[in-house]
Student: 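Sharing a structure here in structure tokens format.
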Amino acid sequence: MRSVLEVVGSEEGEIPAIGTLNEGALHAQLKNWYQRPDDRIERVVDGFVVDLVRGDLLVEIQTGSFAPLRHKLEQLTRQHPVRLVAPLPLVRRIIRLSDEGELLSARRSPRRGRVEDIFNRLVSIPSLLCRSHFELELLLTHQDELRVYRHGKAFRRHGWVVSSRRLVSVEQCRRITSPDDAARLLPPGLPERFDTAQLAEAAAIERRLAQQMTYCLRALGVLQTTGKRGNAIVHRRTNRVDPPKTDSLHAGELRDRPTRFLNA
């Protein structure tokens, strides 16, 4: 089922709020979509600029690595409930532009994203999920990736540098509020004791991502090491995962919002 959501761009000539001068297009679009009528935008809380304040809840939207937010989140979660919102691109369209902004080509990336990709970023802050005041919300999205040519740059992409990312749609939301929620991302059918090669095969992910996944789950206390099998570390679950929690942002809420974005 496709969700429905639409973002109305900022009015021309609007003065940027605190913290928005270096804001990327994707971040701005997500913030506009996520905002509700009573939310306060770009507020200073305990010396930090927060994207959205919703009652007592602080909402921070992060489109890149979580590492720059580590100190900020550690401090804010001591006194406030904090929700970190992270977009994951399920589908990307790669658009090449000239220096004048002319469209040169557009194609769909062959790589399809998935929820497990979040572990690539969660490695910076895994233990925060052990705090009762912290939760992580994943937005599974379709995005446009805009690229321009720069000689001598981006060797693997033959000089095509990513200039910005643009939101096309939000397809699904998934919230992770505890170590048990993170453990539910393990694929079914894993043996009682497994290494990252077995995890990568069972989940159909790359070995590197499987290693990041087990690192985070060990930090959260839901996996533990039980020895080695050759050069591979063997893991097992520490205890049974509790029944799933009720998520407060669900399809019903998502359907009340549009899906497609203007200027997509």
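If you're wondering where the values come from, they're calculated on a predicted model, not measured in any experiment.
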Student: Keeping Asp51 on the side-chain end and Ile61 on the backbone end, is there a donor-acceptor pair under 3.5 Å?
Tutor: yes
Student: Between Ile118 and Val123, is there a shared hydrophobic cluster once you connect ILVMFWY residues whose side-chain heavy atoms come closer than 4.5 Å?
Tutor: no
Student: Here's a test for you: under side-chain contact (heavy atoms from CB on, under 4.5 Å), which of Val59, Leu76, Ile41 qualifies with Val50?
Tutor: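 The option that passes is Leu76.
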Student: May I ask you to decide whether Asp39 forms a salt bridge with Arg36, counting only side-chain N to carboxylate O separations under 4.0 Å?
Tutor: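 Not counted as a salt bridge, because no side-chain N and carboxylate O are separated by less than 4.0 Å.
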Student: Restricting to side chain to side chain donor-acceptor pair (under 3.5 Å), what partner residues turn up for Thr196, sequence neighbours left out?
Tutor: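 Expected list: Arg207.
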Student: Counting N and O atoms only, with roles assigned by atom type, does the side chain of Gln29 sit under 3.5 Å from a partner on the main chain of Leu167, one being a donor and the other an acceptor?
Tutor: yes
Student: Of all the heavy-atom pairs spanning Gln62 and Pro87, show the shortest one and how long it is.
Tutor: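 In terms of heavy atoms, the two residues are closest at O-CD, 3.3 Å.
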Student: Looking at CZ of Arg175 and CD of Glu135, how far apart are the two atoms once the value is rounded to the nearest 0.5 Å?
Tutor: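 That separation rounds to 5.0 Å.
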Student: Please assess Arg112 against Arg92 for the test side-chain contact (heavy atoms from CB on, under 4.5 Å), listing each intermediate value before the final yes or no.
Tutor: CA-CA 8 Å; Arg112 184 173 176 85; Arg92 286 184 305 139; over 6 Å; no
Student: Quick one: list whatever passes salt bridge (charged side-chain N to carboxylate O under 4.0 Å, His left out) with Arg150, sequence neighbours left out.
Tutor: Asp99
Student: Do Val162 and Leu90 share a hydrophobic cluster, counting only Ile, Leu, Val, Met, Phe, Trp and Tyr and linking them when any side-chain heavy atoms are less than 4.5 Å apart?
Tutor: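 No, no single cluster joins them.
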Student: Without swapping roles, check the side chain of Ser98 against the backbone of Glu100 for a donor-acceptor pair under 3.5 Å.
Tutor: yes
Student: Please report the shortest heavy-atom distance between Ser109 and Ile94, naming the atom on each side.
Tutor: CB-CD1, 4.0 Å
Student: Could you walk me through whether Phe194 and Val234 pass the side-chain contact (heavy atoms from CB on, under 4.5 Å) check?
Tutor: CA-CA 5 Å; Phe194 61 91; Val234 178; over 6 Å; no
Student: Please walk me through it: do Thr226 and Gln224 pass side-chain hydrogen bond (donor to acceptor under 3.5 Å, both in side chains)?
Tutor: CA-CA 7 Å; Thr226 63; Gln224 66 181 28; over 6 Å; no
Student: Go through the steps for Leu146 and Arg165 under the test side-chain contact (heavy atoms from CB on, under 4.5 Å), then give the verdict.
Tutor: CA-CA 6 Å; Leu146 309 183; Arg165 292 180 174 85; over 6 Å; no
Student: Could you grab the distance from atom OG of Ser164 to atom CZ of Arg166, nearest 0.5 Å is fine?
Tutor: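 Spacing of OG (Ser164) from CZ (Arg166) equals 7.5 Å.
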Student: Nearest 0.5 Å, what's the CG-CE distance between Asn120 and Met213?
Tutor: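 The CG atom of Asn120 sits 13.0 Å away from the CE atom of Met213.
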Student: Do you know which two heavy atoms are closest between Gln211 and Thr214, and how far apart they sit?
Tutor: O-OG1, 3.0 Å
Student: Okay, side chain of Thr238, backbone of Gly221: is any donor-acceptor separation there less than 3.5 Å?
Tutor: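 The answer is yes, because a donor-acceptor pair under 3.5 Å joins these two groups.
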Student: So which pairs with a foot in residues 113-134 pass salt bridge (Lys or Arg N to Asp or Glu O under 4.0 Å), sequence neighbours left out?
Tutor: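 Those involving residues 113-134 are Arg111-Asp117, Arg114-Glu116.
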Student: For residues 63-81, pull every pair meeting salt bridge (Lys or Arg N to Asp or Glu O under 4.0 Å), keeping only residues two or more places apart or in separate chains.
Tutor: Glu60-Lys72
Student: Please report the C-alpha distance between Tyr215 and Leu220 in whole Å, then the side-chain angles of each, then the deciding distance to 0.1 Å, and finally whether the side-chain contact (heavy atoms from CB on, under 4.5 Å) criterion is met.
Tutor: CA-CA 9 Å; Tyr215 171 83; Leu220 292 171; over 6 Å; no
Student: Where is the tightest heavy-atom contact between Leu199 and Ala210, given as atom of each residue plus distance?
Tutor: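 Closest heavy-atom pair between Leu199 and Ala210: CD2-O, 3.7 Å.
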Student: Can you name the nearest heavy-atom pair linking Leu97 to Leu103, along with the distance?
Tutor: CD2-CA, 3.9 Å
Student: Residues in side chain to side chain donor-acceptor pair (under 3.5 Å) with Arg108, at least two apart?
Tutor: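 Once residues adjacent in sequence are excluded, Arg108 has no partner under the side chain to side chain donor-acceptor pair (under 3.5 Å) criterion.
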Student: Considering all heavy atoms of both residues, which atom of Ile176 and which atom of Ala182 are nearest to each other, and what is their separation?
Tutor: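 Heavy atoms only, the tightest pair is CG2-N, 3.8 Å.
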Student: Is Ser65 reaching over with its side chain to a backbone N or O of Ala67, donor-acceptor style, under 3.5 angstrom?
Tutor: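 Side chain of Ser65 to backbone of Ala67, a donor-acceptor pair under 3.5 Å: yes, one is there.
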Student: Which pairs count as salt bridge (Lys or Arg N to Asp or Glu O under 4.0 Å) when at least one residue sits in residues 209-236, sequence neighbours excluded?
Tutor: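 Sorted result for residues 209-236: Asp195-Arg229.
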Student: How long is the span from the CG atom in Leu138 to the SG atom in Cys173, to the nearest 0.5 Å?
Tutor: 9.0 Å
Student: Does any donor atom in the side chain of Arg83 or Tyr34 lie under 3.5 Å from an acceptor atom in the other side chain?
Tutor: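 Present: a donor and an acceptor within the cut-off.
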Student: Below 4.0 angstrom, N of the basic side chain to O of the carboxylate: do Arg237 and Glu192 qualify?
Tutor: no
Student: Roughly how far, to the nearest 0.5 Å, is OG of Ser169 from NE2 of His142?
Tutor: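 His142 NE2 to Ser169 OG: 5.0 Å, rounded to 0.5 Å.
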Student: Measure the CG-OG1 distance between Leu129 and Thr177 for me, rounded to the nearest 0.5 Å.
Tutor: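 So the CG of Leu129 and the OG1 of Thr177 are separated by 8.0 Å.
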